[in-house]
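Along the sequence shown, residues carry numbers from 1.
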Amino acid sequence: MDFPDQNDASDEGVPQIDFRAELNDEQYAAVTAEPGPLLVLAGAGSGKTRTLTYRVAYLLSKGVPPGEILLLTFTNKASKEMLQRVQELTGVAPGRFWGGTFHSIGHRALRMYGESIGLPRNFTILDADEADDLLRDAVEAVDKGFFKDKTHPRPGPLHEVISLSRNTQQSIAATVEDNFPQYFDFTERIETFARKYAEKKLEANVLDYDDLLEHWLRLLQQCPDVAAYFTHRFRHVLVDEYQDTNTLQSAIVDAIGTHHRVMAVGDDAQCIYSWRGANFENIMTFPDRHPGTVIHRIETNYRSTPQILALANGVLEAQPRGRHFEKNLKAHRPNSEKPYVVQSMDSREQAQFIIQRLKGLLDEGCSLSDVAILYRAHFQALDIQLELSKMQIPYQITSGVKFFEQAHVRDLVSLLRFVYNPTDVMAWNRLVCLLPKVGDKGAQKIHAAASELARLLQKDLVDVLGTDDVKSKVPKDSKDDWEHFTSSLQQVSESMRSERPQKAVERALDGWYGDYLKGAYANYVSRMDDLKSLIGFAARFNEMQDMLSQIMLLNSETSDRSVEAAEDAVRLTTVHQSKGLEYAAVFLIGLAEGMFPLRRAIEAGDIEEERRLFYVAVTRARDELYLCYPKVNTKGGPATLLSPSQFIQELSPELYQPLRIKRQWGW
């Protein structure tokens, strides 16, 4: 074996570890593998972290000095936990390793050798807000009036476009076309802004987060002596969650690991972050880039019942041949119930079913915190949040804030509140402050002028906002928006007077705020989906006052921070945010075609990542799994019939049991 003499291990004082007794057969084979290119495919719940930790300990036991091991992770928490465990096993302190996130190790490398590519040693690093501010300066240096138009992307969304382009090593044009189609008309200008932003960073001797990777790779590619140092020093490179690497990170690993002593640990079936740059091809082509790769499969699952794993394997079997690594999860636990497929009439009935089953789980001794409700997109959780609030069942949202507390939802509700009640100054201030250069004091002056004019003319305040008298109080930078802003409010007002609430919501989304949203958020499409779900919510009410009252009551009922902080609370989360977590019982909701997979994924022909998301979702469950789908969609307009998700239809009926909802909630 290509290890140092084992006598060296005694010099480090590494205690003897019985690896054979500590690990199962699959883990042991990976941990004790000979140095070389190793791809460890660690299935869900199979002990991936344990395998990596013991691999480090094994290398030390074979006399490999700590300084020759590089451990790359995606969170500082992961590296600290692994190296802390290594210290417990071997006595070797974490500080003796180079272990951490790609960005932290890149920073360390640039401090040492950045001068080789023209980086002064005293460079400073921008935080996210500072980077946005510098990008704003760069944009205004090129086009002073760019941000005056609310439909233009703000610095935050611009930064997301530029960052994704850099991390995927794609052009701005390709990045916009694939991920931000709402900014297609700005492609050339974004390219210019990106160049100016790079110039300004150079002038100020500052780096942003992405520079830590880009410049590190540049260092390795352009400075052969530096590359040779890293390759010679780090004789063993270990990478956690390899399926999540982006193009830059993969290239860095390849550049350091030219000796091919790279252990990449991950699971191609859990590659679900392409929207933030993860490249599925990195793990699939690892054996091509590292000839002689030995593949180890860790498939024994310690988390879930055999029946849940059988369904998970069914999900994997539906993947296209040749576009994934074959794997078959094997259960360590005894048999139990098959997963349930639950059809409801609509999302409200779906939520009511979950509440009733939740009560049963509590009676059976399950804690609230060991129950999770998972969904593909945030708007799909609206009805379950309403039902949990109504029943005073505490819940935590681990993938963001509660539905009605989201910034864009609060904006729209403020618009509706103000139009319904123009004396609602709090709603007015939130709304009008979205315009350029309008602050609280300016908002109050405009409102006071409009109120006085409305009183004199004996008109509704909304109807006088567009007059010259009121417009004269508006800051110069907001005047271009003012006509569209005020006419949109008038249209919503007309709808409120003559039509049901859902029409007013539709008008609000079609008007000024819909345009504002496009420029304010890079994830405009998903936020618009949230807001469109309010159309269906509004359809439940005949009067706007009833709808607004319901929203305010819900917010006050759920604003008790002690409830949110309660340890014993049901977990609500998107599937993306649930990765790495586990629960006794999991309810996966909205499993209808167009909801999961999302319609935009279907239209883009991007189904495989959606299927991997489904696999991640079902493997979160330990004991019970409920796959729920509504038969009718009432979100965003007229009711439409839904069919079960193709992911359910692909499964053999033998893998699950249908659970029919009956009147009085018996089943």
Side-chain angles (χ1 to χ4, degrees), residues 41-49 74-75 78 240-245 265-280 282-284 297-299 301-305 307-320 323-329 331 339 371-378 380-381 398-400 526 571-591 595-598 601 606-629 645-648 650-651 655-656:
L41 300 172
S46 65
K48 169 185 66 69
T49 301
F74 278 84
T75 66
D240 187 23
E241 301 284 15
Y242 188 79
Q243 79 281 346
D244 292 339
T245 55
V265 182
D267 182 1
D268 58 297
Q270 296 188 70
C271 182
I272 60 172
Y273 295 117
S274 66
W275 51 277
R276 67 183 190 199
N279 188 346
F280 180 70
N282 290 347
I283 192 167
M284 296 305 299
R297 288 176 170 80
I298 304 177
E299 300 173 323
N301 177 289
Y302 293 88
R303 174 185 302 156
S304 306
T305 64
Q307 285 71 25
I308 291 173
L309 294 182
L311 188 139
N313 286 329
V315 177
L316 297 182
E317 287 170 10
Q319 296 178 104
R323 291 296 300 135
H324 66 281
F325 291 107
E326 299 291 336
K327 66 176 68 65
N328 184 57
L329 297 177
V371 178
I373 300 168
L374 309 184
Y375 36 86
R376 175 63 183 87
H378 205 52
Q380 296 166 358
T398 59
S399 58
S526 62
R571 268 48 177 181
L572 272 64
T573 178
T574 61
V575 180
H576 279 105
Q577 291 291 331
S578 73
K579 186 172 175 287
L581 304 176
E582 61 180 72
Y583 303 92
V586 167
F587 296 87
L588 180 55
I589 64 174
L591 266 173
M595 297 175 72
F596 196 167
L598 285 175
D606 189 18
I607 294 299
E608 290 314 304
E609 185 156 331
E610 296 284 302
R611 183 179 283 109
R612 295 194 292 269
L613 265 174
F614 182 50
Y615 168 78
V616 167
V618 301
T619 54
R620 300 310 95 199
R622 293 199 301 269
D623 305 319
E624 295 187 24
L625 173 63
Y626 298 84
L627 307 177
C628 309
Y629 71 94
S645 168
Q646 59 186 275
F647 302 143
I648 293 179
E650 289 167 351
L651 295 171
L655 296 175
Y656 58 82

Could you check if a side-chain atom of [X] sits within less than 4.5 angstrom of a side-chain atom of [Y], using non-hydrogen atoms only?
X      : Y      : value
Leu572 : Tyr375 : yes
Lys48  : Gln270 : no
Phe280 : Glu609 : no
His324 : Leu41  : no
His378 : Ser526 : no
Ser46  : Glu299 : no

Charged N to carboxylate O under 4.0 angstrom, Arg376 versus Glu610?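 Between Glu610 and Arg376 there is a salt bridge, with a charged N closer than 4.0 Å to a carboxylate O.
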
Between [atom1] of [X] and [atom2] of [Y], what distance do you get to the nearest 0.5 Å?
X      : Y      : atom1 : atom2 : value
Ser578 : Ile272 : OG    : CD1   : 7.0 Å
Asn328 : Asn301 : CG    : CG    : 11.0 Å
Glu608 : Arg323 : CD    : CZ    : 8.5 Å
Ile308 : Arg620 : CD1   : CZ    : 11.5 Å
Thr245 : Asn282 : OG1   : CG    : 4.0 Å
Leu625 : Ser304 : CG    : OG    : 8.5 Å

Partners passing ring-ring contact (aromatic ring centres under 6.0 Å, His included) against [X] (at least two apart in sequence or in another chain):
X      : answer
Tyr656 : none
Phe587 : Tyr626
Tyr242 : Phe286
His576 : Tyr273, Trp275

Show every salt bridge (charged side-chain N to carboxylate O under 4.0 Å, His left out) that has at least one partner inside residues 265-274, sequence neighbours left out.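 Qualifying pairs, neighbours excluded: Asp267-Lys327, Asp268-Lys327.
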
Side chain to side chain donor-acceptor pair (under 3.5 Å) against [X], all qualifying residues, sequence neighbours excluded:
X      : answer
Thr398 : Thr573
Asp623 : Arg333
Tyr629 : Gln343

What pair of heavy atoms forms the shortest contact from [X] to [Y], and how long is it?
X      : Y      : answer
Phe596 : Leu588 : CE1-CD1, 4.2 Å
Leu655 : Leu311 : O-CD1, 3.9 Å
Ile283 : Gly266 : CD1-C, 4.2 Å
Ile589 : Ala381 : CD1-CA, 4.3 Å
Arg303 : Ala44  : NH1-CB, 4.2 Å
Val586 : Tyr583 : CG2-CB, 4.0 Å

Do Glu317 and Gln319 pair up side chain to side chain, a donor and an acceptor below 3.5 Å, judged on atom types alone?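 On atom types as modelled, these side chains do not qualify, holding no pair under 3.5 Å.
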
Could you work out, with side chain to side chain contact (heavy atoms under 4.5 Å, CB included) as the rule, every residue matching [X], not counting sequence neighbours?
X      : value
Ala312 : Leu329, Tyr615, Val618, Thr619
Glu650 : Ala318, Arg611, Gln646, Phe647
Ala78  : Thr73, Thr75, Met82, Asp240

Can you name the salt bridge (Lys or Arg N to Asp or Glu O under 4.0 Å) partners of Glu624, sequence neighbours left out?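 Scan of Glu624 (salt bridge (Lys or Arg N to Asp or Glu O under 4.0 Å), adjacent residues dropped) gives Arg357.
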
